[in-house]
There are 2 protein chains.
Amino acid sequence: MSTFDTAGLQLDNQLCFKLYAASRAVIRAYKPMLDGLGLTYSQYLVMLVLWEWQERAPEQPTLKALGQRLQLDSGTLTPLLKRLEQMGLVQRRRAQVDEREVHLALSEAGRALQGQVLPLKAQLLCQFDDQDLLEMEGLRRSLDRLLARLSE
Amino acid sequence: MSTFDTAGLQLDNQLCFKLYAASRAVIRAYKPMLDGLGLTYSQYLVMLVLWEWQERAPEQPTLKALGQRLQLDSGTLTPLLKRLEQMGLVQRRRAQVDEREVHLALSEAGRALQGQVLPLKAQLLCQFDDQDLLEMEGLRRSLDRLLARLSE
DNA sequence: AGCAATTAAATTGCATGCAATTCAATTAAC
DNA sequence: GTTAATTGAATTGCATGCAATTTAATTGCT
């Protein structure tokens, strides 16, 4: 034991590092699938929100609403959405009622892309057995609780 | 139920998003402490490795060894380490034996900084109760298993 | 020794994240 | 009604991550 306790500073004991490492590892695991779709990881998350929104809400989301869902600000989303628009997946338009708002709509191609995801994702999940999937489900719920705790 | 099952594409069901969101939330939680130290999050992780290495190994690590520990490549680490060197916390020197290798040493200031971290981290942990800490420990172990599974 | 293959860093280029500022539209206050 | 405060995006600047390429040093092979 040294003068002061350094166990609390060991990398392997740091939840922060594990989260950071695991997050990047999962992004790496998604890479082959996302390359197939021509999307980056963040772009994929944006598309997930737009696909989901389309099925659940009558109105298209604004950039602000999207940002609240993903916890990202306009500094990140504005250029990202411009790229998705360039790619022909998304349309951005100013609201008539309040010209500050940018509403986001899926293009036909953007909607069509959803159909390609499920089979690719099934393929991605193939490498895991039931045990793994159970563990991952527990992990997801645990992360939910942490997120709730941190956003208080 | 729509034509095909989209539950597997709901954002809230995506482990990948939870990990990504939780990782960034934890980084946000560290921000006040790291601002006090004058470090970014990645710089902090590098310092953790160097502090730990100093106590455990006779030799200073190379950039490559550091990268293996953090799962980061020279494209990320080279500029980051140059910044730490500019800040006077780290020294970079080419190995005599093999001039390709860059060895990393802590400066006096770099070593001294370690002393400031533990109290700040204790303060950071104050906001959590025993229940939370237990949950976080379980989460860490669960992330370990996921990381092991992904790096096979 | 001489040369190809390998290896460790550095460099380049691109897409985030995020803080801080700016800009324009809308609301609130008076 | 005019002005101040607020709000939603966009912009700017900086520090990552990471793929791809380049450079320099070392190893292997013959």
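Protein chains get the first letters and strands the later ones, always in sequence-line order, with residue 1 at the start of each.
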**Student:** Would you kindly compare B:Tyr20 and B:His103 by the position of their nearest DNA chain C nucleotide and give the one closer to the 5′ end?
**Tutor:** B:His103
**Student:** Can you establish whether the number of heavy atoms outside A:Asp129 located under 6.0 Å from its atom CG is more than 12?
**Tutor:** yes
**Student:** For the atom pair CD (A:Gln91) and CG (A:Leu104), what is the distance rounded to the nearest 0.5 Å?
**Tutor:** 10.5 Å
**Student:** Considering every strand and a 4.0 Å limit on heavy-atom distances, what is the contact class for A:Val46: base, sugar-phosphate, or nothing?
**Tutor:** nothing
**Student:** Inspect the surroundings of CD in A:Gln123 and state if more than 12 heavy atoms from other residues, nucleotides or ligands are less than 6.0 Å away.
**Tutor:** no
**Student:** Would you say that B:Leu63 contacts B:Ser74 through its side chain, given a criterion of any heavy-atom pair below 4.5 Å between the two side chains?
**Tutor:** yes
**Student:** Below 30° counts as parallel, above 60° as perpendicular, anything between as tilted: where do the rings of B:Tyr20 and A:Tyr41 land?
**Tutor:** perpendicular
**Student:** Where along residues 64-96 of chain A does a heavy atom fall under 4.0 Å from DNA chain D?
**Tutor:** A:Lys64, A:Ser74, A:Gly75, A:Thr78, A:Lys82, A:Arg92, A:Arg94
**Student:** Can you tell me how far the CZ atom of A:Arg111 sits from the CG atom of A:Leu113, to the nearest 0.5 Å?
**Tutor:** 12.0 Å
**Student:** Quick one: CG on A:Leu81 to CD on A:Gln86, what's the gap to the nearest 0.5 Å?
**Tutor:** 12.0 Å
**Student:** Can you pull the salt bridge (charged side-chain N to carboxylate O under 4.0 Å, His left out) pairs that have at least one residue in residues 59-82 of chain A, sequence neighbours excluded?
**Tutor:** A:Glu52-A:Arg69, A:Arg69-B:Asp12
**Student:** If you walk 5' to 3' along DNA chain D, what is the first nucleotide with an atom under 4.0 Å of a heavy atom in chain B, and what is the last?
**Tutor:** D:dA15 to D:dT26
